[in-house]
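Below is one structure, written out as structure tokens; the observations come after it.
Only heavy atoms go into these numbers, but all of them, side chains included; no hydrogens, no water, no symmetry mates. Below, read A as the first sequence line, B as the second, and so on, with proteins coming before strands; counting in each chain starts at 1.
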Amino acid sequence: MSDEIKEEIKRLREEIANLKAQLRTEENQLRRRPRGIYIDIGNNIRGCVEDTLESVAENIHGELEKSIFIGPGGVRMFKLKEPFEEMKIDFAKAAEIMSALGQEHRLRILKELASGGKYINELQETLSEITASTLSSHLKVLEEAGLVVQEKVRGRYLITMPGRAALKMATRVTQFVEARDEE
Amino acid sequence: MMWKEYELSDTVLKANEDVTLWERENGIVKIDKSTLAIPIERDGKLEGYVFQGNGKLLLDTIVETERGAIGKPVEKETNKPFLMLGDAEKIQQQLKTATKEELSKIGYAHEQEFKAKARELCERFFRKAHWCSCNNKVNGYVFIFPNETDRPDILLAKDSSIVYKSTDTVFLSSKNRVILKTPNCCILSHQKGALTVEKICL
């Protein structure tokens with residue numbers, strides 16, 4: 001073995017010994033300091049802060065993407081607790097809503113109200129095939145199901161958000177079934 | 001103005017007919033015939049009343065949006081004392097001095113008993129209100145309706161602008177702009193559109 005190689009091995013051994021000593025010192029320092037979370041920010045404090053903020057922002061953005069929908073109609077926040085199949089449903093309430101929808105005249109009323117709030121006489125004019133008393137009872141059913149709301153002072157009837165969603169659902173389902181029947 | 005600047009009159013009045021205290025396109029406050037009233041004065045000038053009898057507040061705290069209406073109307077009937085500051089002179093003619101029988105119908109043995117109740121309401125409200133003044137010239141009104149909580153329902157109205165706060169609703173309306181906050185949503189609406197933040201728990 002040449003002298004050069006022997007020298008190199010000796011140098012490397014010393015380096016390993018130094019590294020071991022350095023490691024022991026750092027371990028002792030870690031044992032001595034109080035418990036907690038330590039982030040080694042090194043010399044680049046700004047970079048470290050930026051990295052941390054970026055990571056937090058990414059997490060927040062991910063969560064927001066899952067729970068908020070921003071559309072032309074506004075910002076909607078969804079708190080999705082469980083997948084659709086496991087969602088709990090109040091069948092009695094659902095049946096009440098579906099029952100309110102399950103009448104041609106009531107669907108027509110919702111369609112009329114979708115273009116804006118109306119007084120009962122305005123509805124009466126447009127839906128002349130429905131008698132006044134029947135119209136009142138239909139409106140009551142729709143109101144009880146939360147699909148329509150009546151102003152207490154002016155007396156106009158307005159379609160609610162669930163009402164509009166229900167009308168949309170009825171329209172889509174009908175279109176879907178009709179399209180399938182045509183195939 | 002602080003409560004110490006206001007005084008309750010010694011005379012207890014009663015409505016000799018149904019009276020509309022305040023009315024707008026989307027709200028109304030009215031009292032039934034025989035409702036008791038005690039005038040609130042400041043520097044000898046009539047500023048408002050404390051009423052007790054059958055009163056009603058109707059307010060359409062509903063916002064119309066492209067995606068449907070949000071909110072529901074407020075329909076509040078009260079038989080507890082409630083306070084009004086505003087154009088009190090307008091209804092003076094519809095009130096006359098209450099008799100003992102009329103006081104007893106509402107449950108008071110004498111005038112002082114009703115006055116004490118009215119004072120209690122005023123002190124409770126004015127203690128929390130740092131400043132309160134209703135200038136009749138600007139057509140402003142303040143209504144305070146006690147509820148089951150420590151914080152009463154408040155209706156402020158000036159011209160067509162309305163601010164209403166109850167335990168679960170805040171409604172601000174001015175011309176075509178509306179802000180409504182309910183336990184499940186917050187909506188800001190104006191002529192050009194609406195911004196809605198909803199809480200939908202699925």
Side-chain angles (χ1 to χ4, degrees), chain A residues 64 66-90 93-94 97 109-119 139 142-170, chain B residues 20-30 55-77 143 155 157 160 162 164 166 169 171 173 176 178-202:
Chain A
L64 286 178
K66 280 185 226 163
S67 58
I68 287 189
F69 168 73
I70 302 171
V75 179
R76 303 193 77 189
M77 294 177 73
F78 299 93
K79 197 177 175 186
L80 289 169
K81 286 181 183 168
E82 52 204 341
F84 178 73
E85 294 77 17
E86 290 168 29
M87 278 178 198
K88 284 174 191 163
I89 179 166
D90 182 344
K93 184 70 189 166
I97 294 164
I109 292 168
L110 285 181
K111 184 84 176 87
E112 275 306 313
L113 293 177
S115 59
K118 287 188 173 58
Y119 294 98
L139 285 164
L142 290 168
E143 211 177 338
E144 280 169 359
L147 306 178
V148 160
V149 64
Q150 188 189 13
E151 293 173 328
K152 291 290 173 194
V153 184
R154 276 181 285 194
R156 285 187 314 158
Y157 286 91
L158 309 168
I159 188 168
T160 61
M161 266 187 176
R164 199 174 271 272
L167 181 64
K168 207 170 174 178
M169 182 201 72
Chain B
T20 299
L21 302 175
W22 168 83
E23 188 172 14
R24 292 288 178 276
E25 194 185 30
N26 58 347
I28 189 165
V29 180
K30 52 189 177 184
K56 190 181 252 188
L57 160 70
L58 298 176
L59 190 64
D60 289 329
T61 53
I62 302 170
V63 187
E64 283 182 82
T65 73
E66 285 178 2
R67 290 166 49 233
I70 303 173
K72 54 185 179 183
V74 174
E75 187 171 14
K76 188 182 170 74
E77 289 195 33
F143 288 95
L155 172 67
S160 62
I162 294 169
Y164 175 73
S166 69
T169 304
F171 178 77
S173 159
N176 293 317
V178 182
I179 298 174
L180 171 69
K181 188 244 157 215
T182 69
N184 292 321
C185 87
C186 181
I187 177 159
L188 291 86
S189 165
H190 59 89
Q191 270 176 319
K192 289 177 185 171
L195 174 70
T196 315
V197 179
E198 280 174 85
K199 189 169 83 181
I200 305 173
C201 291
L202 299 172

Quiz item: With a cut-off of 6.0 Å (strictly less than), are more than 12 heavy atoms of other residues, nucleotides or ligands near NZ of A/Lys118?
Solution: yes
Quiz item: salt bridge (charged side-chain N to carboxylate O under 4.0 Å, His left out) with A/Arg156: which residues, sequence neighbours excluded?
Solution: A/Glu151, B/Glu64
Self-check item: Max heavy-atom pair count under 4.5 Å with chain A, selected residue of B/Gly68, B/Pro73, B/Gly193
Solution: B/Gly68
Exercise. With a 4.5 angstrom heavy-atom cut-off, could you sort out which part of B/Ile70 is near chain A: side chain, backbone, both or neither?
Key: side chain
Quiz prompt | Top contributor to chain B interface from A/Leu113, A/Ile159, A/Ile89, A/Val148 [non-hydrogen pairs under 4.5 Å] | solution = A/Ile159
Practice problem: Step through the shown structure and confirm whether more than 12 heavy atoms of other residues, nucleotides or ligands are within 6.0 Å of NZ on A/Lys168. | Solution: no
Quiz prompt | Atom NZ of B/Lys76: over 12 foreign heavy atoms under 6.0 Å | solution = yes
